[in-house]
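Report on one structure; see the data block that follows.
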Amino acid sequence: MKKKLKKHKEPKLMPFLAEIARGAGAIHMKFFRKKFKITEKPGAGVVTEADFQSEAYLLKKILKAFPESDVITEESGLHKKEGSRWKWIIDPLDGTSNFAHGFPWFCVSIGVERDGQLVAGAIYHPVLKELFLAEKGKGAYLHVGNKKERMRVSKVAKLEHALLGTGFYYFKGVELDREVERFGRMSERAQAVRRPGAAALDMAYVACGRYEGFWERGLSAWDVAAGFVLIQEAGGCVTDYEGKPVSVRDSEVLASNGHLHNALSQILLT
């Protein structure tokens, strides 16, 4: 008699996401503020040993646990499996320029699609050991050690009381001038604007209520996939600058607590 092939059993998604996000973050900290190899990426900053090692770790863990998966990562692109229901959208180290300079604002970001729909996201900031985790329809949570708390977007409804985040990508010339103009207009209206340099972590901060809003152009799917799930599950709003629906494959995002969304959109379009 032929032996029946044992069907692969996939692990529970959320505990697995938490495990691998923390695992990649541990790799970041192994290199942080130590000597490591840095390579320039034409037109897009730098890449480090920590990027490559955390990406290799994530690919190995994901494809072992969920072998019928597509994986798209910032450094090595698309790893495709025909007929897969799953797609993992990964930035193994968002904020690489910060990391390379010893500036402690960087993270790992993992978004998960099933049948073409975003269903989960994890963003982990290893310096503060903060794990931002969300599953579609089940809420968003901040995990620090053994503590877990529900995340909600800010209730601030006046722009003059708002703390905002943004980024300029690697724009130069006219494109940079336009972004600086937007930055100026927002700075005049809001309480303050920050530009720390890791879009995924900025979006996590909108989800947990530390920022009232965030905007940026020139983004990629791995920058925003996890953040989309976090913000939506925390009660916030994510669109393009005009307030229209946006997908992770669009390069422009406006995220907010919802209360300030129209006001932010109007300023960006002025």
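All of these numbers come straight from a predicted model, not from anything done at the bench. Note that these values count all heavy atoms, side chains included, but never hydrogens, waters or copies made by symmetry.
- Evaluation of the salt bridge (Lys or Arg N to Asp or Glu O under 4.0 Å) rule for Lys136 yields no partner, not counting sequence neighbours.
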If you apply the rule side chain to side chain contact (heavy atoms under 4.5 Å, CB included), what do you find for Leu163 with Val193, and how did you get there?
CA-CA 6 Å; Leu163 179 64; Val193 182; over 6 Å; no
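- Across Tyr205 and Leu128, no two heavy atoms sit closer than the pair OH-CD1, 4.1 Å.
- Hydrophobic clustering keeps Val153 apart from Val229 (ILVMFWY residues linked when any side-chain heavy atoms are closer than 4.5 Å, directly or through intermediates).
- Qualifying salt bridge (Lys or Arg N to Asp or Glu O under 4.0 Å) partners for Arg195, counting only residues two or more places apart in sequence or in other chains: none.
- Considering all non-hydrogen atoms of both residues, Ala204 and Ile123 come closest at CB-CD1, 4.1 Å.
- Under 4.0 Å is where a charged nitrogen must lie from a carboxylate oxygen, and between Arg217 and Glu252 at least one such pair does.
- Within the structure, the salt bridge (Lys or Arg N to Asp or Glu O under 4.0 Å) test picks out the following pairs touching residues 85-103 (sequence neighbours left out): Arg85-Asp115.
- Atoms CD1 and CD1, from Ile110 and Ile62 in turn, are 6.0 Å apart once rounded to the nearest 0.5 Å.
- Judged by distance alone, the side chain of Thr48 and the main-chain N or O of Ala50 form a donor-acceptor pair under 3.5 Å.
- Annotation: side chain of Leu159 is not in contact with side chain of Gln191 (no heavy-atom distance under 4.5 Å).
- Nearest approach of Pro196 to Asp202, heavy atoms of both residues: CG-OD1, 3.3 Å.
- A single hydrophobic cluster is not seen to contain both Leu78 and Phe66; linkage of ILVMFWY side chains at heavy-atom distances under 4.5 Å, directly or through other members, places them apart.
- Under the 4.5 Å side-chain heavy-atom criterion for ILVMFWY residues, a single connected hydrophobic cluster contains both Leu58 and Trp86.
- Judged by distance alone, with hydrogens and angles left aside, the side-chain atoms of Glu49 form a donor-acceptor pair with the main-chain N or O of Lys37 at under 3.5 Å.
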Is there a side chain to side chain contact (heavy atoms under 4.5 Å, CB included) between Tyr241 and Leu269 once you walk through the steps?
CA-CA 7 Å; Tyr241 284 9; Leu269 297 175; 4.2 Å; yes
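- With hydrogens and angles left out, the side-chain atoms of Ser265 and Asn262 include no donor and acceptor closer than 3.5 Å.
- Using a 4.5 Å cut-off on side-chain heavy atoms (C-beta onward), His143 and Phe132 make no contact.
- Inter-residue side-chain proximity for Ile90 and Leu59 is flagged as unmet; no heavy-atom pair is nearer than 4.5 Å.
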Can you list the steps and then say if Leu264 with Met186 is a side chain to side chain contact (heavy atoms under 4.5 Å, CB included)?
CA-CA 8 Å; Leu264 295 175; Met186 287 292 192; 3.7 Å; yes
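- Checked against side chain to side chain donor-acceptor pair (under 3.5 Å), His161 has no partners two or more places apart in sequence or in another chain.
- Grouping the Ile, Leu, Val, Met, Phe, Trp and Tyr side chains by contacts below 4.5 angstrom, directly or via other members, places Val144 apart from Val108.
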Leu131 vs Leu142, test: side chain to side chain contact (heavy atoms under 4.5 Å, CB included). Steps then yes/no.
CA-CA 6 Å; Leu131 174 64; Leu142 173 58; 5.8 Å; no
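- Leu219 is not connected to Val46 by any chain of hydrophobic side-chain contacts under 4.5 Å among Ile, Leu, Val, Met, Phe, Trp and Tyr, and they are in different clusters.
- Interatomic distance, Ile267 CD1 to Leu254 CG, rounded to the nearest 0.5 Å: 10.0 Å.
- Between Phe106 and Thr96 there is no side-chain heavy-atom pair separated by less than 4.5 Å.
- A search for side chain to side chain donor-acceptor pair (under 3.5 Å) contacts involving Ser256 returns His261, not counting sequence neighbours.
- Shown are Val206, Ile231, Leu230; of these, the side chain to side chain contact (heavy atoms under 4.5 Å, CB included) with Met151 is made only by Leu230.
- The two residues Gly25 and Pro126 have their closest heavy-atom pair at O-CB, 3.6 Å.
- Expressed to the nearest 0.5 Å, how far CG of Asp70 lies from CH2 of Trp88 amounts to 12.0 Å.
- Applying the side chain to side chain donor-acceptor pair (under 3.5 Å) rule to Ser84 yields no partners; only residues at least two apart in sequence or on another chain are considered.
- The hydrophobic cluster containing Val47 also includes Phe52, under a criterion of side-chain heavy atoms closer than 4.5 Å among ILVMFWY residues, counted directly or through chains of members.
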For residues 11-24, please give each side-chain donor-acceptor pair under 3.5 Å, one per line with the distance, not counting sequence neighbours.
{"from": "Glu19", "atom 1": "OE2", "to": "Lys61", "atom 2": "NZ", "distance (Å)": "2.9"}

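- Closest approach of Val253 and Val224 over heavy atoms only: CG1-CG1, 4.4 Å.
- We find the CG-CZ distance between Leu164 and Arg194 to be 10.0 Å, quoted to the nearest 0.5 Å.
- Of the possible donor and acceptor atoms, one in the side chain of Glu55 sits under 3.5 Å from a partner among the backbone N and O of Glu75.
- Using cut-offs of 30° and 60° on the angle between ring planes, the pair His125 and Trp105 is perpendicular.
- Nearest heavy atoms, Thr270 versus Arg185: O-NH2, 3.3 Å.
- For Asn257 (side chain) and Leu260 (main-chain N/O), a donor-acceptor pair under 3.5 Å exists by modelled atom type.
- Remark: Arg182 CZ to Phe168 CZ distance equals 10.5 Å, nearest 0.5 Å.
- By the side chain to side chain donor-acceptor pair (under 3.5 Å) test, Glu113 pairs with Arg249, sequence neighbours left out.
- Every residue two or more places apart in sequence or in another chain was checked for a salt bridge (Lys or Arg N to Asp or Glu O under 4.0 Å) with Arg150, and none qualifies.
- Side-chain N or O atoms of His28 include one that pairs as donor or acceptor with a backbone N or O of Pro92 at under 3.5 Å.
- Taking SG from Cys208 and CZ from Arg152, the interatomic distance works out to 13.5 Å, rounded to the nearest 0.5 Å.
- The salt bridge (Lys or Arg N to Asp or Glu O under 4.0 Å) check on Lys60 picks up nothing, with sequence neighbours excluded.
- Two residues are said to be in side-chain contact when any heavy atoms from C-beta on lie closer than 4.5 Å; His259 and Lys158 fail this criterion.
- The stretch residues 227-240 participates, sequence neighbours left out, in no salt bridge (Lys or Arg N to Asp or Glu O under 4.0 Å) pair at all.
- Between Phe99 and Phe32, the ring planes are tilted. Angles from 30° to 60° get that label.
- In this structure, the side chains of Val119 and Arg114 come closer than 4.5 Å at one or more pairs of heavy atoms.
- No side-chain donor-acceptor contact under 3.5 Å links Thr166 and Glu216.
- Taking 4.5 Å as the limit, every side-chain heavy atom of Val112 sits out of range of all side-chain heavy atoms of Ile89.
- Ionic pairing of Arg178 and Glu175 is present here: one or more N-O contacts between side-chain nitrogen and carboxylate oxygen are shorter than 4.0 angstrom.
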